[in-house]
Amino acid sequence: MAAAKAPASAGNETYLEGLNPEQREAVLTTEGPLLVLAGAGTGKTRVLTTRLAHIIGTRLAWPSQTLTVTFTNKAAREMRERALSMLGEAGEGLRWLGTFHSISAQILRKHAELAGLKSTFTILDTDDQVRLCKQIILAENIDPKRWTPRFLASLIDGWKNRALTPGKVPPEEAHQFADGKGITCYQIYQNRLKVLNACDFGDLLIHNITIFQNNPDLLKEYHDKFRYILVDEYQDTNVAQYLWLRLLAQGSQNICCVGDDDQSIYGWRGAEVDNILRFEKDFPGAKVIRLEKNYRSTKHILAAASAVIANNKGRLGKTLYVGDDNAIDEIDAAKVKVRGLWDGEAESRLIADDIESWVSKGGKHDDCAVLVRASWQMRAFEERFIMLGIPYRVIGGPRFFERAEIRDALAYLRLVRSPDDDLAFERVVNQPKRGVGNTSLIKLQSYARQDGRSLFTLTPMVLQTDEIKGGAKRGLTQFIDHVNLWRDKLANGMPHTELAETILEESGYTDMLQKDRSPQAQTRLDNLKELVRAMGEFDSLAGFLEHIELVMDTSAGGAGEDQVQILTLHAAKGLEWPVVFLPGWEEEVFPSKRSMDESGLKGLEEERRLAYVGITRARQQAYISFVANRQIYGRWQSVLPSRFVDELPHDHVEAVSETGYSGMPGGDTGFTGSVEDLGERSNYKSPGWKRLKENAGRFDTRPPKDATNLSATSGGPETFRKGQRIFHDKFGYGRIAHSEGNKLTVDFEKSGRKKVIATFVQPA
DNA sequence: GATAAGAGGGTTTTT
DNA sequence: CCCTCTTATC
């Protein structure tokens, strides 16, 4: 971009072409609170980046005097890249650009003692939290089956999202858990964290808030430090984050938030859309500007997304329109395609084919993304892509840092750095096996509880008594000695990667895996090597631990390669691609059953916003698909098309049934045309669709093993027509020979053989 | 205390 | 279906 080289103040103007003069001035006016309400693809991030560049470029503040907050690490990374490309060297030193959590962690490290912590505190992940909750539940004699640790953890999380410390939880809510013990557990939990010298994600913000509230002088320092505050995705802030921002913004009042109420998709994590609706009240004198001109997508994509989101009540409401200078020639723009298929395999096959043909026409894999509702849906695509050799990258997915071996290695490192970290101690004290079993651990824990000291500091004293004998004693002694030795090495300046290797070697962990002949063992060793490699990118152990505790991000490698991206809808927010595939639009999958069970209409509306986010990720072409049968958690189920499919506007959507699935309107005739043409056949009125609905859940429609690649059939055995042409991966093209009873026989052209390809079983 | 087999429970999204 | 936690047995 040419603007990168131009003087900052002049160059930045070119980034704001779509804004009217008044809006442009507001963005570049640097005084007072500003809210930018911006629909999808209207250049939200660009506005924010431009403002940041303007502030720095015109020397209103040094980079280190600006605070820029995002929600995801990916967004932070992107923001930094964009700012640097606009500013060049002037942008060096954007120290306070990051996620809410990473920035508040930085601040907390500096003033940890004000929150009763040491600056080496560890940050617990979800798994640690749940384990801690379990211990508390057991200690309090609560039935862990009736009141699960997970539930307690989410309850506490919810309170922290709303900035409720144990003293502030409303009494009626305190009774939600184990007949009123909820608040007690919360209190114990907090006390335990203090002893462990640890905090969880929520604490990072809560501690910040308390420290600021109790130390006005310190807060004043931060007011002076942060002269300009910029916030991305404001609609996703929770109460704690809002309070944190308000405290920091009290000084300069120069806070600029951008957001879109239609893209609020983190309600389950405590996000309050209210924050954005209330902005003008919270920040008196605030300017509000609206961006409604979309630069990203074709009119069909926009129309489809708008029509779906229009079904939501309780939104600010805005009308997006297509910029006349959009890259895509409007005349040639393709409609959004909606496709019904037999099962998930057919779906992944079709999508893989589409990607191949896109690439054969000169497109890149990079241009394509598959956006799913839940990560279990990713596997089908991975399998197909591997089979065809399509390069792909999973973003998010099963997380590297959540693997057992990685967590073990990290626990060793944590313990070396922070001896009070009991959770780390418990995790690795007998891993690999050292003869320290449950009994010994319970003994140690009861002593530790009495003394109020950590396991690690207390164990040497217990070892001097005869309380623990034999193998357990030997194991513990060796363990303690090792950790002390490693700690010395760290203190004496051993490089952290070398330390990690030493620990893995001397603890016997590598040995254990090498002796393990199971197929996973090699992967685990590889993962550990990868971990050490990743550590090398940081210059200290502290820096590394800080990073992984917060980031837990696997997307580091592989960026920039030409790969199809597979990710969840949540992870896709803020990103865009020319071609976007949106599979799995079935009731109970998307909108997700769980979300609707738990949050009813509110949940449904959030799911719909997710659909809106999904569609608007596409620049040129969006493909929506649903299937008749889906394997969910190992069980075959017949499923219905999502209600969101029905909400799509007929004028802008093309219904395609390339595979002869008669559950799809017109599917049994191989029809291709507009949804409007299908008229009354759509909206569940087609015979196949109707039957699907009636028979939902009644048939076990699993095809026999040798016909798993079946790609053309219908909603039930009686819907097959003789002579109907179908395709089967293994046997090629064929025509239906008989549909008798519950068996379907096909005549295959290539082999000339008749074959039973599907058996329908009606459960008793 | 270690190991193997069995029962039971939970299956969304993320910092 | 997969993973964890519990129980039984050595």
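Heavy-atom basis, side chains included; hydrogens, waters and symmetry copies ignored. So you know, we letter chains A, B, ... as the sequences are listed, proteins then strands, and number each from 1.
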Show each protein N/O and nucleotides 1-8 of chain B N/O combination with a separation under 3.5 Å, one pair to a line.
unit_1: B:dG1; atom_1: OP1; unit_2: A:S440; atom_2: OG; d: 2.7
unit_1: B:dG1; atom_1: OP2; unit_2: A:T439; atom_2: N; d: 3.4
unit_1: B:dG1; atom_1: OP2; unit_2: A:T439; atom_2: OG1; d: 2.1
unit_1: B:dA2; atom_1: OP1; unit_2: A:G435; atom_2: N; d: 3.3

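Nearest heavy-atom pair across A:A240 and A:N238 is N-OD1, 3.1 Å.
Side-chain N/O atoms of A:E586 and A:S642 include no donor and acceptor closer than 3.5 Å. Looking at A:E426 and A:Q135, their side chains do bring a donor and an acceptor atom within 3.5 Å of each other. Side-chain contact annotation: A:Q129 with A:K134, donor-acceptor N/O pair under 3.5 Å absent. For the 3.5 Å distance criterion, the side chains of A:R608 and A:Y612 fail to qualify, holding no donor opposite an acceptor.
The side chain of A:S375 lies closest to B:dT12 when the candidates are B:dT14, B:dT12, C:dT6. Closest approach to the A:S592 side chain among B:dT13, B:dG10, B:dT12 is made by B:dT12 (side chain taken as heavy atoms from C-beta onward). Nearest nucleotide to the A:R373 side chain, out of B:dT13, B:dT15, C:dC5: B:dT13.
Rounded to an integer number of Å, the gap from A:M378 CE to B:dT11 P is 18 Å. Look at CG on A:D157: it is 15 Å from P on B:dT14, rounded to the nearest Å. Computed from coordinates, the A:L371 CG to B:dT13 P distance equals 14 Å when rounded to whole Å. Atoms CG (A:D127) and C1' (C:dC5) sit 14 Å apart, rounded to a whole Å. Atom CZ in A:F590 sits roughly 12 Å away from atom C1' in B:dT12 (whole-Å rounding). Straight-line distance from the CH2 atom of A:W244 to the P atom of B:dT15: 16 Å, rounded to whole Å. Protein atom CG of A:L205 is 19 Å distant from nucleotide atom P of B:dT14, rounded to whole Å. Computed from coordinates, the A:D203 CG to B:dT15 P distance equals 18 Å when rounded to whole Å.
Rounded to the nearest Å, the gap between the P atom of B:dT13 and that of C:dT4 is 16 Å.
Looking at A:W244, A:F212, A:W96 one by one, the single match for ring pair (Phe, Tyr, Trp, His ring centres under 6.0 Å) with A:F226 turns out to be A:W96.
Residue A:T126 places none of its side-chain N or O atoms closer than 4.0 Å to OP1 or OP2 of B:dT15.
Classification of A:D261 and A:R609 as a salt-bridged pair fails, no side-chain N sitting under 4.0 Å from a carboxylate O.
Residue-nucleotide stacking is present for A:W268 and B:dT13, judged by a side-chain ring centre under 5.5 Å from the six-membered base ring centre and planes under 30° apart.
A:Y266 comes within 4.0 angstrom of sugar-phosphate atoms only, judged by non-hydrogen atoms across all strands, and of no base. Contact annotation for A:S102: no contact, since no heavy-atom pair falls under 4.0 Å across all strands.
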